[in-house]
Engineer: 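Following this message is one structure expressed as structure tokens.
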Amino acid sequence: MGKDSPRLSGPTLQVLGRFLDNPLTGLSGADIAKQTGLASGTLYPILIRLESANWLKSKWEKIDPSEEGRPRKRIYEMTSLGVSQSRAAFASLVPASVRLQWQS
């Protein structure tokens, strides 16, 4: 991980894990909160950090709020950088004692 990479705390890994379940699908903050159980005060700063690091991108949902009877949602999607860096981060979490080691 480079110096511009986000801090990979336990909650951040939970968020990344939800995206890696299906990296091509966008998720709203509410979806992520339901899936992870993270409070908004924890979740949204993580989403902001991941977006600042270019691991995520976001856009507003294309709906008419008056027709839907609810506010628009912000949809977050993983970038290709986010997918590769997240997979690398999870791979690095495997303890050395579990990794296969060649003996001569």
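Since this is a predicted model, take the numbers as computed values, not measurements.
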Engineer: Which atoms form the tightest heavy-atom contact between Pro45 and Ser40, and what is the distance?
Structural biologist: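 Minimum heavy-atom separation between Pro45 and Ser40: CD-O, 3.7 Å.
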Engineer: Measuring from Ser80:OG to Trp55:CH2, what's the distance to the nearest 0.5 Å?
Structural biologist: 12.5 Å
Engineer: With Asn54, which residues qualify under side chain to side chain donor-acceptor pair (under 3.5 Å), at least two apart?
Structural biologist: none
Engineer: Can you list the residues that meet the side-chain contact (heavy atoms from CB on, under 4.5 Å) rule with Pro11, with sequence neighbours excluded?
Structural biologist: Ser9, Gln14, Leu38, Thr42, Ile46
Engineer: Among pairs that include at least one residue of residues 25-53, which meet salt bridge (charged side-chain N to carboxylate O under 4.0 Å, His left out), considering only residues two or more places apart or in two chains?
Structural biologist: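 Qualifying pairs, neighbours excluded: none.
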Engineer: Spell out, yes or no, whether Ile75 and Leu50 are grouped together once hydrophobic residues are joined by side-chain heavy atoms under 4.5 Å, including indirect joins.
Structural biologist: no
Engineer: Under the side-chain contact (heavy atoms from CB on, under 4.5 Å) test, which residues partner Phe90, sequence neighbours left out?
Structural biologist: Leu13, Leu16, Leu20, Leu93
Engineer: Do you know the tightest heavy-atom contact between Phe19 and Thr25?
Structural biologist: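 Taking every non-hydrogen atom into account, CD2-O, 4.5 Å.
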Engineer: Please report the closest heavy-atom contact between Pro71 and Pro65, naming both atoms and the distance.
Structural biologist: CA-CB, 4.4 Å
Engineer: Quick one: pull up OG in Ser58 and CD in Glu77 and give me the separation to the nearest 0.5 Å.
Structural biologist: 9.0 Å
Engineer: Applying side-chain contact (heavy atoms from CB on, under 4.5 Å), can you list everything that pairs with Asp21, at least two apart in sequence or on another chain?
Structural biologist: Arg18
Engineer: Is any NZ, NE, NH1 or NH2 atom of the basic residue among Arg70 and Glu61 found under 4.0 Å from an Asp or Glu carboxylate oxygen of the other?
Structural biologist: yes
Engineer: Which heavy atom of Pro23 sits nearest to which heavy atom of Met78, and what is that distance?
Structural biologist: O-CB, 4.0 Å
Engineer: Do any N or O atoms from the side chain of Ser92 and from the backbone of Ala89 form a donor-acceptor pair under 3.5 angstrom?
Structural biologist: yes
Engineer: According to side-chain contact (heavy atoms from CB on, under 4.5 Å), who are the partners of Thr79, at least two apart in sequence or on a separate chain?
Structural biologist: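 With neighbours one apart ignored, the set is Lys57, Leu81.
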Engineer: So how far is it from Leu27 CG to Gln35 CD, rounded to the nearest 0.5 Å?
Structural biologist: 5.5 Å
Engineer: Rounded to the nearest 0.5 Å, what separation is found between the CD1 atom of Ile63 and the CZ atom of Arg72?
Structural biologist: 8.0 Å
